[in-house]
Amino acid sequence: MSFRIFLPFLCFTVLASGCLKDDDPITPSVCEEGLISVDAYAAADTFTYTELDDTGLLYHISAPGSTEKPTVNSGVTVNYVGAVTNGRVFDRSANGPVSFPLSNLIEGWKLGLPLIGRGGKIRLLIPSELGYGSRGSCSFGQCSICPDSDLVFDIELVDFNG
């Protein structure tokens, strides 16, 4: 790539990173203050959680949904909010339901979503190793999820196929 083409992109990136809002990604060096483990989160929450086998995944089903449930090979349509354990929301389905192949998602979703049926609602407390692990979700020096962060997802399974 020519330096003339690269320079404007570099300038834009530097300027844009200097204008971060509170809900924008954070740098790895400032990663998450006040994070707690999923066990501590569950103990402080008003919901009662169940551990899925010995995986470390904790869940609370607020609505079981239909008896038919998705598999890891299903395409799922969901409304969701994802946060870290200090309450900072890093992602959500803001404009209505979104669809994904369940097989492309993090292990915590692959294990947890098949626990509910169509119309079901679940809160997943996902330990780091079933989420983004030690890599987090970082690019270009910015993180939406810091390395080793445990995650909290509120998910409504709108529909699925397959």
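Source: prediction; values computed, not measured. FYI, side chains are in, hydrogens and waters are out, and symmetry mates aren't considered; it's all heavy atoms of this structure.
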Next item on the list: Treat each ILVMFWY residue as a node, draw an edge where side-chain heavy atoms are under 4.5 Å apart, and state whether I36 and V152 are in one component.
Entry: yes

Next item on the list: Looking only at non-hydrogen atoms, find the nearest pair between G119 and A63 and report the distance.
Entry: O-CB, 4.3 Å

Check: Does one hydrophobic cluster hold both L52 and V76, with members joined at side-chain heavy-atom distances below 4.5 Å?
Finding: yes

Notebook entry, point to check: Which pair of non-hydrogen atoms, one from S134 and one from P147, has the smallest distance, and what is that distance?
Noted result: O-CB, 3.1 Å

Notebook entry, point to check: How would you list, by chain and number, every residue that makes a side chain to side chain donor-acceptor pair (under 3.5 Å) with E156, sequence neighbours excluded?
Noted result: N79

Note to self: Through direct or indirect side-chain contacts below 4.5 angstrom among Ile, Leu, Val, Met, Phe, Trp and Tyr, which residues connect to V72?
What the structure shows: none

Item checked: Closest approach of L130 to L111 (non-hydrogen atoms, all atoms of both residues) -> CD1-CD1, 4.1 Å

Note to self: Filter on salt bridge (Lys or Arg N to Asp or Glu O under 4.0 Å), then keep only pairs touching residues 71-84, sequence neighbours left out; what's left?
What the structure shows: none

Item checked: L157 side chain reached by P70 side chain, heavy atoms, under 4.5 Å -> yes

Check: So, the side chain of E51 versus the backbone of L57: is there a donor-acceptor pair under 3.5 Å, distance only?
Finding: no

Item checked: Inter- and intrachain pairs under salt bridge (Lys or Arg N to Asp or Glu O under 4.0 Å), touching residues 139-151, at least two apart -> none

Margin query: Test of understanding: clusters of I, L, V, M, F, W, Y form through side-chain heavy atoms closer than 4.5 Å, transitively. Do L113 and V158 belong to the same one?
Written below: no

Only distances under 3.5 Å count here; give the side-chain donor-acceptor pairs of residues 37-47 to other protein atoms, sequence neighbours excluded, each with its distance to 0.1 Å.
from : atom 1 : to   : atom 2 : distance (Å)
S37  : OG     : D39  : N      : 3.4
S37  : OG     : A40  : N      : 3.1
D45  : OD2    : Y49  : OH     : 2.4
D45  : OD2    : R123 : NH1    : 2.8

Next item on the list: Keeping to residues at least two apart or across chains, list the ring pair (Phe, Tyr, Trp, His ring centres under 6.0 Å) pairs with something in residues 142-162.
Entry: F90-F153, W109-F153

Notebook entry, point to check: Are Y59 and V78 co-members of a hydrophobic cluster defined by side-chain heavy atoms under 4.5 Å apart?
Noted result: yes

Next item on the list: Could you give me the CA-CA distance, side-chain angles and deciding distance for D91 and S144, then say whether side-chain contact (heavy atoms from CB on, under 4.5 Å) is met?
Entry: CA-CA 8 Å; D91 197 13; S144 59; over 6 Å; no

Check: Hey, what do you get for CG (N73) to CG (N161), rounding to the nearest 0.5 Å?
Finding: 11.0 Å

Check: For the side chain to side chain contact (heavy atoms under 4.5 Å, CB included) test, which of T85, I106, L125 pairs with L151?
Finding: I106

Under 3.5 Å donor-acceptor pairs involving side-chain atoms of residues 92-105, not counting sequence neighbours:
from : atom 1 : to  : atom 2 : distance (Å)
S93  : OG     : Y80 : N      : 2.8
S93  : OG     : Y80 : O      : 3.4
S99  : OG     : T77 : OG1    : 2.7

Check: Can you tell me if N86 uses its side chain to pair, donor with acceptor, with the backbone of R88 under 3.5 Å?
Finding: yes

Next item on the list: List the atom of L124, the atom of G112, and the distance in Å for their closest heavy-atom pair.
Entry: CD2-CA, 3.8 Å

Margin query: Test: salt bridge (Lys or Arg N to Asp or Glu O under 4.0 Å). Region: residues 58-70. Which pairs qualify, not counting sequence neighbours?
Written below: E68-R118

Next item on the list: Sequence neighbours left out, what pairs pass salt bridge (Lys or Arg N to Asp or Glu O under 4.0 Å) with at least one residue falling in residues 125-135?
Entry: none

Note to self: Checking S62 now: which residues fulfil side chain to side chain contact (heavy atoms under 4.5 Å, CB included) with it, not counting sequence neighbours?
What the structure shows: H60, K121

